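Single-structure report; data block below.
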Amino acid sequence: MKRFISLCILVIQTSGLFAIGIDRVEPMFWWAGMKNPNLQLMIHGENIAGTNVELAYPGVTLQAVTRVENPNYLFIDLKISEKARPGSFTISFSSKKKTEARYVYELKAREDGSAGRQGFNSSDVIYLITPDRFANGNPANDEMPGMKEKPNREDKDGRHGGDLRGIINSLDYLQDLGFTAVWLNPVLENNMTRTSYHGYSTTDFYRVDPRYGSNDEYRELSDELKKRGMKLIMDMIFNHCGSEHWWMDDLPMADWINHYPEYKITSHRRTVNQDPYAAETDKQDMADGWFVPTMPDLNQRNPFMANYLIQNSIWWIESIGLEGIRQDTWPYPDKEMMAAWTKQVLDEYPNFNIVGEEWSLNPATVSYWQKGKLNADGYRCFLPGLMDFPLQHAAGQALKNEESWDKGLQELYDALSNDFLYPDAGNLVVFPDNHDMLRFFTQVNEDKDLLKMALAYFLTIRGIPQIFYGTEILMSSPEPKDDGLIRSDFPGGWDGDRVNAFTGEGLSAGQKDMQHYLRTIQSWRKNKEVIHSGKLMHFVPQDGIYVYFRYNNDDAVMVVLNKNRETKNLSTERFAEVMKGYINGTEIISASRINDLTMITVPARSAMIIQLKK
């Protein structure tokens, strides 16, 4: 907030007046030339509702001024026509013919091609980072004035000092590994007293947490990624804010927050969204309850709250240059508002991409939200993609469980066979793990061979792969699940670290091998259209071996997963409908040539990725 207040005071002093009754205007600026001409400003300041609002600027019309029950708020509706040019204009706040305050509002020029920006897609591989735990590029911002929680690297649930500068400094490492997109856990201000490092308790929706850096550094990260042909995905939370958000001391309206001041925890019964027999009271208990006691539930049915959140997301897309959004806790907010949000974002940016978090192992539940789904209740959403939790769970079980008629690799086959439920299974994000679950290396009992098989699978199956930071160096997490330990520090991200994963110093042979393994597959995958968008055909697993193909008219890749503890000779006769015409191939991981495709020797507990050749 300090940076914003300084800007506001500067603007007012330029006008020859001091700010009287204004401490926030959100969004602070906007752009000329947006497809949607409507803009709603939220003004906060002492007794600001007692003023009259005036402005004059070609192409900008003052549509409405709304005074709500709290006199410290005004909501101003503007219409910005296509004739409006970039520039600045003064919004005057007066009472009794006396100007009390002025705010100089800026309409910025949009960057060329902004509306046509390309979102992340199946040609990408996403690297997920918890910023506080990745790399401390600027130790000077570990402790900042006005920030309540101080750094304590010895506390697993405390702030450790990772920041945007550390991520910027590490982009060569990510690019070398073959990643093409970066998803950061939330970086907005979380000025909470305790356990704020994770970023999911927003206290200012328009400001990067100063312990991570600044809005300008966030933009710098985006620009540096673009220079490398990489993309930035922002983690957003519409369901809740932090209990120490600035507005919690001065809410605009009584219904701004659900169940306030006597909070009620959500039932977490997310299936009420799809349940044709669900009682209204159960729906309300899920949607209106607080996620946890420190995360107040935002009321998206309030139209001013809805506008606030929708505009905030567009503001970040435009100002930072985002190529994607990951939306947290997708089924918890009001689902009608979420449908409206996705539609408005995609109207403004037709090629953009958004992925929602619906943590359900039931693909029928997950698919309910995807754009194009014909639901029995008539609900229509515009969400392009979702996190594929059903496939993630199946992969862990398939690799751990002993092979039987319905266990082991058959579980992976069966999970994928549910793709008929999705309008676009190719736009699901597939992943071995993330920041909220045991690391996959732990899930498979720290078996490096099984982790390799999982990585080969997720990097060649349909969808958009996402890898959690540290997977490439065998990071694990103890059981039972502990979020602070799952999100442990990445070695080498802090001066003095004994082990440095960025340089390889101190890494074990197994860790270096895993880095090499991931780099090999991803470097090949980057330009492999058949993996990005090719058709998929898989064959029922037999004898502990699962085979599937990615293919198109010009290309074909064969993937073989062998869970057996011994080498197997695989006859390819049953795969003739895909392999017909192909006479040899190259195994990508080992770079070895296969001269005879009729019988393939598959090493024990391994994955083979075979580029077929005619």
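All values reported here derive from a predicted model rather than from experimental measurement.
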Set of residues satisfying side-chain contact (heavy atoms from CB on, under 4.5 Å) with respect to [X], sequence neighbours excluded:
X    : answer
P390 : P363, V366, D388, Y422
D334 : Q300, R301, E336, M337
S122 : I464, H532
S533 : E529

Can you list everything that forms a salt bridge (Lys or Arg N to Asp or Glu O under 4.0 Å) with [X]? Sequence neighbours excluded, please.
X    : result
K526 : none
K148 : E244
E472 : none
K108 : E106

Other residues, nucleotides, ligands: >12 heavy atoms within 6.0 Å of K373 NZ: yes

Inter- and intrachain pairs under salt bridge (charged side-chain N to carboxylate O under 4.0 Å, His left out), touching residues 424-437, at least two apart: D436-R487

So, [X] versus [Y], ring centres under 6.0 angstrom or not?
X    : Y    : answer
Y469 : Y127 : no
W369 : Y379 : yes
F440 : F468 : no
Y103 : F93  : no

Which atom pairs, one a donor and one an acceptor, fall under 3.5 Å between side chains of residues 176-184 and the rest of the protein, sequence neighbours left out?
{"unit_1": "D176", "atom_1": "OD2", "unit_2": "R519", "atom_2": "NE", "d": "2.9"}
{"unit_1": "D176", "atom_1": "OD2", "unit_2": "R519", "atom_2": "NH2", "d": "3.2"}
{"unit_1": "T180", "atom_1": "OG1", "unit_2": "D124", "atom_2": "OD1", "d": "2.8"}
{"unit_1": "T180", "atom_1": "OG1", "unit_2": "V125", "atom_2": "N", "d": "2.9"}
{"unit_1": "W183", "atom_1": "NE1", "unit_2": "D235", "atom_2": "OD2", "d": "3.0"}

Tabulate below the donor-acceptor pairs under 3.5 Å that side-chain atoms of residues 55-65 make, not counting sequence neighbours, or state none.
{"unit_1": "Y57", "atom_1": "OH", "unit_2": "R85", "atom_2": "O", "d": "2.8"}
{"unit_1": "Y57", "atom_1": "OH", "unit_2": "P86", "atom_2": "O", "d": "3.4"}

Ring geometry between F205 and H245 (parallel below 30°, tilted from 30 to 60°, perpendicular above 60°): tilted

When the side chains of residues 31-38 are checked against the rest of the protein, which donor-acceptor pairs come out under 3.5 Å, sequence neighbours left out?
{"unit_1": "N36", "atom_1": "OD1", "unit_2": "N38", "atom_2": "N", "d": "3.0"}
{"unit_1": "N36", "atom_1": "OD1", "unit_2": "N38", "atom_2": "ND2", "d": "3.4"}

Check ion pair R228-D172 (N to O, under 4.0 angstrom): yes

Polar side-chain atom of D142 near backbone of P151 as donor-acceptor pair, under 3.5 Å: no

